[in-house]
Number of protein chains: 2
Amino acid sequence: MLSIGELSRRTAVKVPTIRYYEQVGLMPAPPRTEGKQRRYGPAEVSRLNFIRHARELGFEVEAIRELLALNENPDQSCAEADRIARRHMIEVERRIEQLTALRTELQRMINECSHGRVGECRVIQALADHDQCAHECH
Amino acid sequence: MLSIGELSRRTAVKVPTIRYYEQVGLMPAPPRTEGKQRRYGPAEVSRLNFIRHARELGFEVEAIRELLALNENPDQSCAEADRIARRHMIEVERRIEQLTALRTELQRMINECSHGRVGECRVIQALADHDQCAHECH
DNA sequence: CTTGAACCTCTAGTCACTAGAGATCGTAGA
DNA sequence: TCTACGATCTCTAGTGACTAGAGGTTCAAG
């Protein structure tokens with residue numbers, strides 16, 4: 001059984017954040033020792049790792065709640081699982097598209113940077129001039 | 001001279017957000033009319049567009065402050081602007097990779113669903129087990 | 001000169017944490 | 001077994017980047 005500190009080390013999620021996740025229902029209330037300290041098993045490590053990654057990917061807590069629910073009863077209702085999975089799939093694809101466009105633009109900015117003075121810096125110009133291109137770009 | 005509402009329309013930045021930017025020092029305090037209403041010139045339109053675009057690209061306010069400062073003394077080297085952009089791009093690429101993995105997993109779930117049997121749900125594993133790689137990868 | 005949309009300031013709320021205070025617990029070493 | 005001290009506990013408050021609302025004032029069209 002892991003203390004909250006060990007769980008934190010294994011998942012790279014800070015201790016107060018773990019308690020916060022418990023408070024908002026993303027993590028289950030774990031069993032406690034005599035002295036009220038939390039003790040976790042290996043399932044919680046996976047669950048918390050999942051939450052961390054999902055957060056890094058920009059999913060809201062509410063969306064993560066759904067994904068977790070999906071994971072918990074996979075053969076409960078296929079139709080429901082399918083619906084949630086599809087909805088998130090669309091969201092994920094939308095996000096990949098946006099990020100890919102963003103990467104292209106950042107790449108272009110960096111490539112065109114002449115490594116000279118700020119006066120000619122494409123990174124800054126690209127940001128300032130963007131509304132000219134905005135209509136064609138997006 | 002533009003009112004705050006007109007500035008808002010021209011930059012697609014909401015009025016309270018413009019006031020917020022003034023409060024945190026991203027936008028300068030503009031001159032006022034007799035009756036204390038803000039009036040802006042064309043320079044503010046550019047500046048605000050710059051801010052908006054940078055925010056859309058995911059730069060933090062602090063990073064934008066740096067970029068604006070760089071822009072203000074254009075004789076300086078643009079290495080710093082380049083560094084900020086590069087740092088940001090690495091993060092964007094990391095996100096794309098993770099989202100792609102998640103998409104694959106969601107796709108697999110949807111496929112299994114459509115064949116009438118919900119297999120084991122591996123949504124959590126798709127993201128949770130990535131930390132094995134995390135140490136070597138990053 | 002009136003009227004009503006737009007403006008003003010100020011406070012408080014949102015989300016997802018993060019930090020700190022002050023008290024208690026658990027375990028390694030004497 | 002006792003003690004020291006790092007880890008844990010709860011609770012409140014602060015953060016960033018806005019967003020919403022109350023209640024009052026200003027500007028400009030009719």
Side-chain angles (χ1 to χ4, degrees), chain A residues 1-41 44-45 47-68 91 95 127, chain B residues 1-41 44-45 47-68 84 87-88 91 95 98 127:
Chain A
M1 282 300 194
L2 309 171
S3 71
I4 198 169
E6 268 182 282
L7 179 60
S8 170
R9 246 164 277 123
R10 284 173 205 221
T11 57
V13 175
K14 288 173 191 163
V15 169
T17 306
I18 297 172
R19 288 198 278 253
Y20 168 74
Y21 286 159
E22 182 182 328
Q23 200 184 309
V24 299
L26 275 192
M27 289 296 285
R32 305 278 187 127
T33 62
E34 277 293 283
K36 310 269 180 193
Q37 297 197 356
R38 292 163 177 87
R39 286 299 112 108
Y40 297 93
E44 279 67 52
V45 178
R47 191 184 177 98
L48 195 47
N49 267 323
F50 171 82
I51 294 169
R52 178 172 57 82
H53 282 294
R55 285 294 301 135
E56 281 169 3
L57 294 178
F59 285 99
E60 291 174 5
V61 165
E62 189 47 43
I64 297 172
R65 222 189 297 274
E66 272 184 33
L67 286 169
L68 285 167
E91 175 64 16
R95 214 166 275 189
L127 291 171
Chain B
M1 282 300 195
L2 310 171
S3 71
I4 197 169
E6 267 182 284
L7 179 61
S8 170
R9 246 165 277 124
R10 282 173 204 219
T11 58
V13 175
K14 288 174 190 164
V15 169
T17 305
I18 297 172
R19 288 198 278 249
Y20 168 74
Y21 285 159
E22 182 182 328
Q23 201 184 309
V24 298
L26 275 192
M27 289 295 286
R32 306 277 188 128
T33 62
E34 277 292 284
K36 309 269 181 193
Q37 298 198 356
R38 291 164 179 86
R39 285 300 114 106
Y40 296 94
E44 279 66 52
V45 178
R47 190 183 178 98
L48 195 48
N49 269 323
F50 180 95
I51 294 169
R52 178 176 55 84
H53 189 213
R55 287 290 303 135
E56 279 169 7
L57 293 180
F59 288 98
E60 294 174 2
V61 164
E62 189 46 44
I64 296 171
R65 220 189 297 273
E66 282 177 49
L67 288 168
L68 283 168
I84 293 168
R87 185 157 41 74
H88 194 62
E91 178 59 22
R95 270 184 212 185
Q98 293 207 314
L127 292 177

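Reminder, nothing fancy here: chain letters follow the sequence lines and each chain counts from 1. Treat the numbers as computed from the prediction; the structure is a model and nothing was measured.
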For nucleotides 11-17 of chain D, give me every protein contact, N/O to N/O, under 3.5 Å, one pair per line with atom names.
unit_1: dA17(D); atom_1: OP1; unit_2: V61(B); atom_2: N; d: 3.3

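At least one side-chain nitrogen or oxygen of T17(B) sits closer than 4.0 Å to the OP1 or OP2 atom of dT19(D). For R38(A) and dT10(D), the shortest distance from a side-chain N or O to OP1 or OP2 is below 4.0 Å.
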Response to the item:
Given protein heavy atoms under 4.0 Å, the one-letter contact record of nucleotides 20-30 of chain D, with B base, S sugar-phosphate only and - none, is simply ------SS---

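With sequence neighbours excluded, no residue satisfies side chain to side chain contact (heavy atoms under 4.5 Å, CB included) with E60(B). Residues passing the side chain to side chain contact (heavy atoms under 4.5 Å, CB included) test with V61(B) are L26(B), R55(B), R65(B), sequence neighbours excluded. For F59(B), the side chain to side chain contact (heavy atoms under 4.5 Å, CB included) partners at least two apart in sequence or on another chain are L106(A), A54(B), L57(B), A63(B), I64(B), L67(B), I84(B), H88(B).
Scanning both residues, V15(B) and G5(B), for their nearest heavy atoms gives CG2-CA, 4.1 Å. Across every non-hydrogen atom of R52(B) and A12(B), the tightest pair is CD-O, 3.9 Å. Residues G41(B) and M1(B) approach most closely at N-SD, 4.1 Å, considering heavy atoms.
Look at CD on E6(B): it is 17 Å from P on dA5(C), rounded to the nearest Å. Summarising the geometry, the separation between CG on L7(A) and C1' on dT8(D) is reported as 14 Å, rounded to the nearest angstrom. Summarising the geometry, the separation between CD1 on I64(A) and P on dA16(C) is reported as 8 Å, rounded to the nearest angstrom. Rounded to whole angstrom, the span from the CD atom of E22(A) across to the C1' atom of dT8(D) amounts to 13 Å. Taking atom CZ of residue R52(A) and atom P of nucleotide dA16(C), one finds them 18 Å apart after rounding to whole Å. Atom pair M27(B):CE and dC18(D):C1' shows a separation of 16 Å (rounding to whole Å applied).
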Practice prompt. Applying side-chain contact (heavy atoms from CB on, under 4.5 Å), run through R10(A) and E6(A) and close with a yes or a no.
Written response: CA-CA 6 Å; R10(A) 284 173 205 221; E6(A) 268 182 282; 3.4 Å; yes

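Contact check for V13(A) versus I51(A): no side-chain heavy atoms found under the 4.5 Å cut-off.
Each side chain to side chain donor-acceptor pair (under 3.5 Å) pair with one or both residues in residues 25-39 of chain A, not counting sequence neighbours, appears once here: E22(A)-R38(A), Q37(A)-R39(A).
Backbone-only engagement by R32(B) is indicated by non-hydrogen atom pairs under 4.0 Å involving sugar-phosphate atoms exclusively.
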